[in-house]
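One structure below.
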Amino acid sequence: MSEPAPLELRAVARAFRTEAGELPVLRGADLTLAAGEIVALVAPSGTGKSTLLHLAGLLEKPDAGEVLVEGRAAGTLSDDQRTAIRRNTIGFVYQFHHLLPEFTALENIALPQMAAGVARGAAESRATELLHAFGLQGREQHRPGKLSGGEQQRVAIARALANRPRILLADEPTGNLDVGTADRVFHQLLHAVRDQGVAALIATHNPELAGRMDRVVTLRDGRVLPA
């Protein structure tokens, strides 16, 4: 029997209440990510990209439909179980790095591992390995305020990969960087994701970056369709 897909969305629906009434955003969206597959999500602002990523990452619950992580229906899980999946199975990267300013680059990557029960020494060793993989040798003890924008985002990507997730969700991970820096950071992101065999869903406005991925999808009328 084949292993279940790392991530599957089945007919997920989500609507928000506004002063003008209910606003449907997703209307039965389906999406499956295979192990090692990198999928670009390209769609206009306001069509539900972030909502889809929040549902996929178990940060929100759909109004209808189901999110399955490694074959487990998230709707049947307790809050503690959902939190454990977010910590151990899913990595998140956002447009803004959200690093902890009072901690060094190495500590920002080690802390999520220690929260998952990894000993400090092993966590720091893994953090050092990732920093070197992203070309950040010599930056281990720098706090975020002493790093460039591209360096901060590379630390954020390394942090997302620290616990060896099966799934990576990224919302415009290079959208806050200049073109040259974005290209370099994205190249390193793709290399790291492919090297670890992670299933990734990456939202981007950049068609050139989207073209480097395995598949491109969009959101139209609340559904996921080929771009």
Side-chain angles (χ1 to χ4, degrees), residues 6-7 33 35-40 53 56-57 59 69-70 83-178 180-204 209 212-214:
L7 177 67
L33 287 187
E37 182 183 32
I38 304 175
V39 175
L53 289 167
L59 296 171
V69 178
E70 297 186 314
T83 298
I85 288 174
R86 287 196 299 271
R87 182 178 62 235
N88 301 321
T89 306
I90 304 173
F92 298 91
V93 184
Y94 300 99
Q95 181 174 347
F96 299 97
H97 54 79
H98 297 300
L99 298 175
L100 299 172
E102 66 272 29
F103 292 101
T104 66
L106 186 137
E107 290 168 337
N108 266 280
I109 301 170
L111 285 171
Q113 300 174 70
M114 294 166 64
V118 178
R120 177 184 289 273
E124 291 182 347
S125 177
R126 169 72 172 157
T128 300
E129 171 192 319
L130 284 165
L131 285 168
H132 288 197
F134 279 94
L136 293 170
Q137 300 94 321
R139 297 290 193 270
E140 294 89 346
Q141 299 306 319
H142 286 57
R143 288 185 170 84
K146 297 295 184 180
L147 300 173
S148 70
E151 289 172 336
Q152 291 174 30
Q153 194 64 330
R154 279 182 277 169
V155 174
I157 295 167
R159 178 183 59 186
L161 295 171
N163 283 334
R164 295 181 171 85
R166 292 286 313 282
I167 302 161
L168 181 78
L169 303 173
D171 195 356
E172 299 287 351
T174 60
N176 198 39
L177 305 176
D178 65 74
T181 303
D183 184 76
R184 291 191 295 274
V185 170
F186 195 78
H187 173 78
Q188 291 178 315
L189 168 61
L190 286 185
H191 183 272
V193 167
R194 292 193 194 282
D195 187 58
Q196 294 193 30
V198 178
L201 179 62
I202 302 176
T204 179
L209 297 183
R212 299 190 202 177
M213 299 187 231
D214 301 322

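Only this structure's heavy atoms are used, side chains among them; waters, hydrogens and symmetry mates stay out.
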Looking at every heavy atom in both [X] and [Y], which two are closest together, and how far apart are they?
{"X": "L177", "Y": "A182", "answer": "CB-N, 4.0 Å"}
{"X": "G150", "Y": "T181", "answer": "CA-CG2, 3.6 Å"}
{"X": "A35", "Y": "P6", "answer": "N-CD, 3.5 Å"}
{"X": "A123", "Y": "M114", "answer": "CB-CG, 3.8 Å"}
{"X": "I109", "Y": "A158", "answer": "CD1-CB, 3.6 Å"}

Looking at [atom1] of [X] and [atom2] of [Y], how far apart are the two atoms once the value is rounded to the nearest 0.5 Å?
{"X": "L100", "Y": "L111", "atom1": "CG", "atom2": "CG", "value": "6.5 Å"}
{"X": "L130", "Y": "L136", "atom1": "CG", "atom2": "CG", "value": "10.0 Å"}
{"X": "R166", "Y": "L7", "atom1": "CZ", "atom2": "CG", "value": "10.5 Å"}

Set of side-chain hydrogen bond (donor to acceptor under 3.5 Å, both in side chains) partners for [X], sequence neighbours left out:
{"X": "H98", "value": "none"}
{"X": "Q188", "value": "none"}
{"X": "N163", "value": "none"}

State which residues pass side chain to side chain contact (heavy atoms under 4.5 Å, CB included) with [X]; sequence neighbours excluded, sorted by chain then number.
{"X": "H132", "answer": "T128, Q137, E140"}
{"X": "L53", "answer": "L169, D171, L201, A203"}
{"X": "P165", "answer": "L161"}

| said: Using only atom types and a distance under 3.5 Å, with no angle test, would you say the side chain of T104 pairs donor to acceptor with the backbone of E107? | reply: yes
| task | Check for a donor-acceptor pair, side chain of N108 on one end and backbone N or O of F103 on the other, with a separation under 3.5 Å. | result | yes
Let me check something: any side-chain donor-acceptor pairs from residues 85-94 under 3.5 Å, sequence neighbours excluded? List them with distances.
residue	atom	partner	partner atom	Å
R86	NH1	L58	O	2.7
R86	NH2	T83	OG1	3.1
N88	ND2	A84	O	3.2

| query | Residues in salt bridge (charged side-chain N to carboxylate O under 4.0 Å, His left out) with E37, at least two apart? | reply | R215
| query | With sequence neighbours left out, what residues match E151 under salt bridge (charged side-chain N to carboxylate O under 4.0 Å, His left out)? | reply | R139
| task | Any pair with a residue in residues 186-195 that passes salt bridge (Lys or Arg N to Asp or Glu O under 4.0 Å), sequence neighbours left out, goes on the list, sorted by first then second residue, please. | result | R194-D214
| Residue pairs passing the salt bridge (Lys or Arg N to Asp or Glu O under 4.0 Å) test where at least one lies in residues 121-130, sequence neighbours excluded | R120-E124, R126-E129
| message | Are the side chains of L189 and I202 in contact, using a 4.5 Å heavy-atom criterion? | response | yes
| Is there side-chain contact between T204 and E172, with at least one heavy-atom pair below 4.5 Å? | yes
| request: Give every residue pair that meets the side-chain hydrogen bond (donor to acceptor under 3.5 Å, both in side chains) criterion with at least one member in residues 152-161, sequence neighbours excluded. | output: H97-Q152
